[in-house]
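Structure record follows, encoded as structure tokens.
Note that the structure is a prediction, hence the values are computed from the model and not measured. In the text below, chain A, chain B and the rest are named by the order of the sequence lines, each starting its count at 1.
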Amino acid sequence: MRGTGKLATSVQGYEPKNRIFAQNFSTAYKMSIKKRTKIREVLISSKFGSEFTLKGWVKTRRGSKKIAFIALNDGSTINNIQIVADITDFPEDLLRQVTTGACISVTGTLTPSMGSGQDVEIKATKIELYGPADPGSYPLQKKGHSLEFLREIAHLRPRTNTFGAILRLRHAMSYAIHKYFNDNGFYYLHTPIITGSDAEGAGEMFRVTTLDMMNPPKNGEGQIDYREDFFGRETNLTVSGQLEGELGALALSDIYTFGPTFRAENSNTPRHLAEFWMIEPEMAFYDINDNMDLAEDFLKYLVVYALENYFEDLQFLNNMYDKDLLSRLNSVINSDFVRITYTEAIDILNTSGVKFEFPTNWGSDLQSEHERYLVEKHFKKAVIITGYPKKIKPFYMKQNEDGKTVRAMDVLFPRIGEIVGGSQREENMQKLESRITELNLPRKDLWWYLDTRRFGSAPHAGFGLGFERMMLFITGMGNIRDVIPFPRTPNNAEF
RNA sequence: UCCUCCUUAGCUCAGUUGGUUAGAGCAUCUGACUGUUAAUCAGAGGGUCCUAGGUUCAAGUCCUAGAGGGGGAGCCA
């Protein structure tokens with residue numbers, strides 16, 4: 001039977017069980033934990049007359065003396081199911097506690113709805129109250145809450161329509177990211193959260209220590225002696241997995257990281273978090289053009305995935321928050337990203353006739369106003385800018401032959417600004433070392449990074465995608481604090 | 001961190017050149033209603049006007065400081 005590919009159920013000889021299991025895993029496996037039906041399933045069911053048990057949280061209850069209508073939601077979909085309860089069938093005390101926010105279990109039969117708001121509904125035969133929610137103090141109502149107010153009750157906001165949609169989309173994008181890379185031969189590399197080097201140069205870092213803050217050990221010069229600390233050296237939370245990502249790419253060819261990233265910058269904007277998630281693919285044998293191709297393909301894939309699989313949630317956000325969301329998503333997948341060099345961008349800005357607050361001479365970094373002009377006014381679509389002056393970019397970027405620019409790339413999106421930053425990396429040992437010396441970076445902390453150029457160096461490239469920036473684009477939300485369940489910003493780590 | 005705006009009922013907000021007892025919608029509670037769709041109708045309760053000073057006969061309203069929040073900028077993803 002071996003090698004036939006058929007399930008060996010009646011083999012005379014010995015067939016290892018795990019082999020059978022492995023062969024048929026994907027089709028044979030069915031989750032066995034199923035105590036109730038998800039509302040998402042029931043809403044598309046046509047098994048009228050069948051009994052279902054549903055569990056969820058009450059959105060609204062309305063009705064008259066004889067009949068009660070309960071809108072129930074379990075988070076499996078943006079849509080509620082309507083529960084119809086004949087009041088005479090249930091104790092008065094029970095129904096009185098079925099209020100907005102309460103958690104209940106309902107058993108009943110599926111029937112076509114007599115009302116006009118939905119196709120199906122559940123005629124309840126049994127209602128069990130899991131957790132009441134006192135109407136006088138439960139902060140969520142069925143009407144109008146501002147996003148600012150919901151941020152103050154971040155522990156309850158997942159129960160709102162808006163955050164249900166956002167959190168489902170956040171899951172969808174996470175899954176699509178893994179799927180895209182997996183399907184294209186990339187390996188998921190876990191780079192460290194705690195890092196001993198601050199050579200990334202990406203801003204202020206959060207210190208990680210077990211030293212007694214009231215009485216830290218001191219060295220001869222009166223400085224804190226980190227040799228006594230847990231790791232025997234200064235350690236911080238990572239600001240990027242890129243350098244370690246390169247180590248993986250120079251062995252596995254194509255890798256990506258997807259994990260939390262920490263920046264201790266005092267940034268108070270709708271686009272910054274102190275703790276955010278970042279995706280960093282790193283590819284051996286990619287040059288800057290391959291890198292751009294991948295970034296564009298990847299971003300379009302994510303948008304397509306959301307549209308194909310979570311359209312109802314997108315539609316809700318489109319209707320409630322951002323009337324242009326769906327058309328903007330469609331325009332991104334149906335047009336090529338514009339690709340220009342930094343020098344061309346400067347020319348466009350200088351001949352635009354627009355008065356900018358910040359200078360647009362060659363060598364200055366592009367400011368928000370410049371990026372917004374290029375994306376929203378001049379091209380009116382996503383733009384990738386390459387060939388930045390080397391003095392405004394980090395040490396690891398590959399230097400061009402002109403001696404002035406590096407093979408950096410920034411992907412700029414409408415409304416969001418920079419959504420991706422990346423580059424081809426400098427694989428030449430001497431050039432890399434000379435940049436480290438020029439910038440006065442701690443060479444001794446980078447010995448392992450330099451070893452990759454010493455032994456079997458290869459051309460390679462990669463980029464970083466801010467996950468929450470992508471979520472802003474996908475959801476149409478305006479504030480990054482509303483696309484992560486529990487935002488971490490200066491002066492805010494409540495939940 | 002800088003600039004700017006905001007803070008009035010549980011929520012969203014109105015409140016006139018400073019002037020009697022601070023209002024509305026929704027929510028909550030009570031009642032009405034045979035199928036509602038953010039149900040509807042009637043009634044009721046609900047306020048440290050962000051905090052602390054100050055100006056004034058009189059401050060929700062003007063001034064100063066502080067706290068919290070929004071938007072813009074910088075830093076960046």
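- If you measure from atom CD of A:Glu357 to atom C1' of B:A73, you get 7 Å, rounded to the nearest angstrom.
- Between the C1' atom of B:U34 and the CG atom of A:Asp86 lies a distance of 10 Å, rounded to the nearest Å.
- Between the CG atom of A:Asp119 and the C1' atom of B:G35 there is a distance of 16 Å, given to the nearest Å.
- For A:Tyr175, the OH atom is loosely surrounded, since the number of other residues' heavy atoms within 6.0 Å does not exceed 12.
- Contacts of A:Pro139 with the nucleic acid, taken as non-hydrogen atoms under 4.0 Å apart, are absent.
- For A:Lys66 and B:C33, the shortest distance from a side-chain N or O to OP1 or OP2 is not below 4.0 Å.
- With contacts defined as side-chain heavy-atom distances shorter than 4.5 Å, the pair A:Thr475/A:Tyr321 does not qualify.
- Side-chain contact between A:Gln118 and A:Val120 is absent, with no heavy atoms from C-beta onward closer than 4.5 Å.
- Nucleotides B:C57 and B:C62 have their C1' atoms positioned 16 Å apart, rounded to a whole Å.
- Within the 4.0 Å cut-off from OP1 or OP2 of B:G74, at least one side-chain nitrogen or oxygen of A:Ser368 is found.
- Summary of the strand contacts: A:His145 and A:Pro112 both lie near RNA chain B, and taking for each the nucleotide with the nearest heavy atom, the more 5' one is attributed to A:His145.
- For B:G35, its base sits under 3.5 Å from the side chain of A:Glu121 at one donor and acceptor pair at least.
- Without hydrogens or angle criteria, A:Glu426 side chain to A:Gln399 main chain gives a donor-acceptor distance under 3.5 Å.
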Which pairs, protein N/O on one side and nucleotides 67-72 of chain B N/O on the other, fall under 3.5 Å?
from  : atom 1 : to       : atom 2 : distance (Å)
B:G70 : OP1    : A:Arg151 : NH1    : 2.7
B:G70 : OP1    : A:Arg481 : NH1    : 3.3
B:G70 : OP2    : A:Arg481 : NH1    : 3.4
B:G71 : OP1    : A:Asn479 : ND2    : 3.4
B:G71 : OP2    : A:Asn479 : ND2    : 3.3

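- Within the 4.0 Å cut-off from OP1 or OP2 of B:C76, not a single side-chain nitrogen or oxygen of A:Ser267 is found.
- Looking at A:His272, its side chain comes within 3.5 Å of the base of B:C76 through a donor and an acceptor atom.
- At whole-Å resolution of the value, CZ in A:Phe149 and C1' in B:A9 are 13 Å apart.
- Among the heavy atoms of the strands lying under 4.0 Å from A:Met114 is at least one base atom, whether or not backbone atoms are also near.
- Remark: the A:Gln141 side chain and the B:U28 base include no donor-acceptor N/O pair separated by less than 3.5 Å.
- Note: CD (A:Glu280) to P (B:C76) measures 15 Å, nearest angstrom.
- Looking only at side-chain heavy atoms (C-beta outward), A:Glu312 and A:Phe316 stay at 4.5 Å or farther from each other.
- Here B:C75 presents its C1' atom at 13 Å from NZ of A:Lys393, a figure rounded to the nearest Å.
- Between A:Thr235 and A:Arg207 there is no side-chain heavy-atom pair separated by less than 4.5 Å.
- If you measure from atom CD of A:Glu204 to atom P of B:C76, you get 12 Å, rounded to the nearest angstrom.
- A:His370 has its NE2 atom 12 Å from the C1' atom of B:A73, to the nearest Å.
- The residues A:Glu438 and A:Arg435 are annotated as salt-bridged, a charged nitrogen and a carboxylate oxygen being separated by less than 4.0 angstrom.
- Within the structure, a side-chain polar atom (N or O) of A:Gln367 is placed less than 4.0 Å from OP1 or OP2 of B:C75.
- At a cut-off of 3.5 angstrom, the base of B:U36 holds at least one donor-acceptor pair with the side chain of A:Gln118.
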